[in-house]
Every structure is written in C-alpha cells, then in structure tokens.
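So the structure is just underneath, and the comments pick up after that.
To find a chain, count down the sequence lines: A is the first, B the second, and so on, and within it residues start at 1.
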Amino acid sequence: MHQAIVNWFGRNARDLPWRSADCSPWGVLVSEVMLQQTPVVRVLPVWKDWMSRWPDPGSLAAAASGDAVRAWGRLGYPRRALRLHAAAAAITAEYDGEVPGSYDRLLTLPGVGSYTAAAVAAFAFGHRETVVDTNIRRVQARLSSGQALPAPALTAAEMRLATELLPEEPVLSVKWNAAVMELGALICTARSPRCTECPVRAECSWLAAGEPEPTYTPRGQAWAGTDRQVRGAMMAALRAAESGLQRELLFAAAPSIVTQVHGTGTESEPDSDALSPVGAQLHRLYALKAEEDQLARAIEGLLRDGLAQALDGGRIALPL
DNA sequence: CACGCGTGGCG
DNA sequence: TCGCCAAGCGT
C-alpha cells in the first residue's frame with residue numbers, strides 16, 4: 001500500500017513552487033498558512049507575489065500589518081495575514097530571522113497549529129512528523145476505517161492511526177505525508193472521488209463496504225445577514241484603498257450592506273438598534289459622514305490599530 | 001471542545 | 001440555483 005501510493009505520487013504530483021528543492025523554509029511556512037482552508041489554485045498567484053515582495057521573515061516584519069492584509073487579497077480569513085505578520089516578527093526577534101525547524105518551536109508561532117507545525121517541520125526540514133490534514137483524515141477514514149468521511153473534529157484515534165501508518169525512515173516519511181495529502185486532494189476527494197484512478201482501490205475498506213453514506217451531515221456556515229458579511233464588505237473596501245483609505249469606497253459599500261443586514265430595501269434609514277453589532281457600528285460610522293476630520297482619523301485608526309480587533313474580535317472596534 | 005472565522009468554484 | 005467544500009487556528 002505504501003509503495004503504491006508513493007509511486008502514484010511520483011507520477012502524479014502537481015508541480016507546486018513551495019515543493020521546489022530551492023524553496024526556503026519561509027516559503028513553505030507562507031504556503032502552509034495560505035493553504036489553511038483555501039484551495040491551491042487561489043493561493044498560487046498570491047504566494048508568488050508575497051514571496052517576491054517579502055522573501056524572508058525580516059522583510060515582512062519591517063512592513064506595516066495593513067500592507068500584509070492588503071497583499072492577502074481575497075484569500076479569505078484575513079486574520080491569517082495578521083498572524084503571519086506577527087509570526088515574522090517573532091521569528092525575527094527570537095530566532096534571528098531564521099524559521100525554526102522543530103515542531104515545538106514552530107507551534108509557538110502565531111497562526112501555526114498542530115498541522116502547520118508538523119507540515120513545516122516535515123516539508124521544509126525533512127523531519128519525520130505525523131502530518132494530519134483534512135485530506136489525510138479522509139483517506140484514512142475510507143481506506144482504513146470504511147467511513148465515507150472523517151469525524152467532525154480530529155480525534156486521538158486518527159492521530160494514532162496516522163502515526164502507525166507513517167514510515168520509519170525520515171525521507172520516506174516526508175514523501176508519504178505529501179503523497180497521502182495529494183491522493184486526498186486529487187483522487188480521494190470529498191464529493192466525487194475518482195476511485196477508478198485510485199492506486200489502492202483494491203485495499204479500500206469503504207469501497208469494499210459498498211460506499212456507505214456519511215453518518216452525519218456537516219453544518220454549513222451562516223453568511224447572509226451576519227456580522228461576517230459586514231466584515232467582508234468592510235475588508236473589500238479596506239483592501240481597495242492603496243494608501244490610506246479612500247473613505248468614499250467605504251461609504252459606497254456601507255448603505256447596501258446595512259440594508260441587507262437590516263432587511264429588504266426600504267427608503268427609510270435602518271434602525272441601528274435592529275442591526276447586528278458590526279452592522280450598527282458601520283451604520284454609526286456612515287452617519288458621521290459630515291464630520292470629515294473626525295471620520296478620517298477614525299478610519300486611519302481602524303487601519304492602524306483596530307484592524308486586528310475587527311478581524312479577531314468579531315466586532316469592529318472603532319477608536320471614535 | 002464546539003464554535004466562528006472569508007471567499008469563490010463546483011456538482 | 002445553492003449548499004458544500006477547501007493543506008486549520010484560537011478561544
């Protein structure tokens with residue numbers, strides 16, 4: 001089974017720049033953070049631009065966090081850009097600008113959890129690590145456990161199984177981790193798996209069991225009418241401002257979003273009390289349009305200081 | 001530990 | 001069309 005999957009990987013692996021032999025540990029770290037919950041095709045152009053602009057942790061640490069957020073573009077979950085910026089600062093201050101190679105030290109960095117720490121230690125430093133991402137979990141669930149999908153949350157049993165399956169030899173273990181991830185991404189996909197092309201279809205417990213249905217239904221993420229929608233609109237306006245914020249852009253985005261959050265289109269002004277916390281804050285900001293000096297300072301403050309809270313706290317903390 | 005966090009493409 | 005899904009993390 002190991003031989004079949006590793007051989008398949010040798011023939012079918014995508015040619016991704018962060019897999020190149022001359023890619024730095026920093027490049028691997030940046031790719032892993034960008035790939036958290038974001039598809040490869042969307043990461044590729046942003047990663048190239050990011051690495052060209054900030055080729056090492058020190059250069060990113062010297063930049064403004066707002067620039068990191070803008071360069072993040074539309075990858076989503078922009079708090080990751082803030083955490084990567086903070087990680088660059090920590091690497092510069094505590095590790096002399098060199099990305100640490102040990103799992104334990106990587107784990108201390110902002111935005112680096114158990115998966116990313118293991119992935120960077122393995123893929124950038126060649127260490128033998130138990131790497132478990134959503135692809136590996138799904139392959140294990142089908143191949144070994146006969147389940148259509150893994151459990152909603154990562155379990156200790158899954159970690160044990162992954163460690164049991166991991167080859168002893170470090171170089172082979174790195175290939176194995178990458179190969180199983182790639183198999184999950186290209187063949188053993190969540191919705192329409194391409195089992196006829198699978199190199200281990202003969203050993204698959206899920207196929208042998210007759211492709212049973214998932215035993216639970218995943219819960220979707222709310223979007224319309226939520227604070228997330230308001231934050232998304234504000235982030236789009238903030239990104240659009242190249243230097244400082246052109247407040248017209250924020251105002252242009254505000255009324256339609258406030259109306260959406262409040263309800264269907266009416267001529268009257270929305271009642272701010274009926275809005276979500278972020279929606280109410282945005283409405284309050286919109287109402288201050290006349291006082292331009294105060295408004296300009298507020299927006300600059302939002303960009304400079306309040307952005308982290310806006311992204312992390314679930315509410316816009318305007319310094320008004 | 002269950003939950004909230006952006007965004008866009010696809011079945 | 002619309003809900004599901006994508007190399008998770010922090011609280």
_Polar side-chain atom of A:Trp26 near backbone of A:Val30 as donor-acceptor pair, under 3.5 Å_ = no
*Taking atom P in both B:dG4 and C:dC4, compute the distance separating them and give it to the nearest angstrom.*
16 Å
*Just call it for A:Leu16: base, sugar-phosphate, or nothing, with non-hydrogen atoms closer than 4.0 Å on any strand.*
base
*Mind checking A:Thr134 for me? I need base, sugar-phosphate or nothing, with any heavy atom below 4.0 Å counting as a touch.*
sugar-phosphate
*Will you find, in the side chains of A:Ser102 and A:Asp104, an N or O donor that is under 3.5 Å from an N or O acceptor?*
no
*Name the residue closer to the 5' end of DNA chain B, choosing between A:Ala153 and A:Gln36 according to the nucleotide with the nearest heavy atom.*
A:Ala153
*Can you tell me how far P of B:dC10 sits from CZ of A:Arg42, to the nearest Å?*
10 Å
*To the nearest Å, give me how far apart CG (A:Leu82) and C1' (C:dG10) are.*
14 Å
_Can you tell me if A:Arg138 touches the phosphate of C:dA6, counting only side-chain N or O atoms and a distance under 4.0 Å to OP1 or OP2?_
yes
*Taking the side chain as C-beta and beyond, is there a heavy-atom pair between A:Cys188 and A:Asn135 under 4.5 Å?*
no
*Parallel, tilted or perpendicular: which describes the rings of A:Trp18 and A:Trp47, with under 30° parallel and over 60° perpendicular?*
perpendicular
_In whole Å, I'd like the distance from the CH2 atom of A:Trp47 to the P atom of C:dA6._
23 Å
_d(CD, A:Gln37; P, C:dC4) in whole Å_ = 15 Å
*Give none if B:dG9 has no partner; otherwise give the nucleotide forming a Watson-Crick or G-U wobble pair with it, both distances under 3.5 Å.*
C:dC4
*Would you indicate what A:Val112 reaches in the nucleic acid, counting non-hydrogen atoms under 4.0 angstrom: base, sugar-phosphate, or nothing?*
sugar-phosphate
*Starting at CD of A:Glu129 and ending at P of C:dA7, how long is that distance when rounded to a whole Å?*
21 Å
*Reckon A:Ser114 touches a base, only the sugar-phosphate, or nothing at all at heavy-atom distances under 4.0 Å?*
sugar-phosphate
*Give a yes or no answer on whether the side chain of A:Arg128 reaches the backbone of A:Pro167 with a donor-acceptor pair at less than 3.5 Å.*
yes
*Among C:dA7, C:dG10, B:dG6, which nucleotide sits nearest the side chain of A:Arg83?*
C:dG10
_Any donor-acceptor N/O pair under 3.5 Å between C:dC4 base and A:Arg191 side chain_ = yes
_Spacing between A:Trp72 atom CH2 and B:dT7 atom C1', to the nearest angstrom_ = 12 Å
*Check every strand shown and say whether A:Gly76 touches a base, only sugar-phosphate, or nothing at a heavy-atom separation below 4.0 Å.*
base
*Nearest-Å distance once atom C1' is located in both C:dA7 and B:dA2*: 22 Å
*5' precedence on DNA chain C between A:Gly111 and A:Gly184 (nearest-nucleotide basis)*: A:Gly184
*Mind checking A:Ala119 for me? I need base, sugar-phosphate or nothing, with any heavy atom below 4.0 Å counting as a touch.*
nothing
*Scan side-chain atoms only and decide if A:Ser59 and A:Asp56 contain a donor-acceptor pair under the 3.5 Å cut-off.*
yes
*Hey, does A:Ser192 reach any base, or is it just sugar-phosphate, or nothing, if we go heavy atoms under 4.0 Å?*
sugar-phosphate
*Interatomic distance, A:Arg137 CZ vs C:dA6 P [rounded to whole Å]*: 11 Å
*Sugar-phosphate only, base, or nothing, as touched by A:Leu75 at under 4.0 Å among non-hydrogen atoms*: base
*Identify whether any heavy atom of A:Pro110 sits under 4.0 Å from a base atom; if not, whether one sits that close to sugar-phosphate; answer base, sugar-phosphate or nothing.*
sugar-phosphate
*Rounded to whole angstrom units, what separation is found between the CE atom of A:Met34 and the P atom of C:dA7?*
17 Å
*Indicate, with a heavy-atom threshold strictly under 4.0 Å, whether A:Trp18 touches base, sugar-phosphate, or nothing.*
base
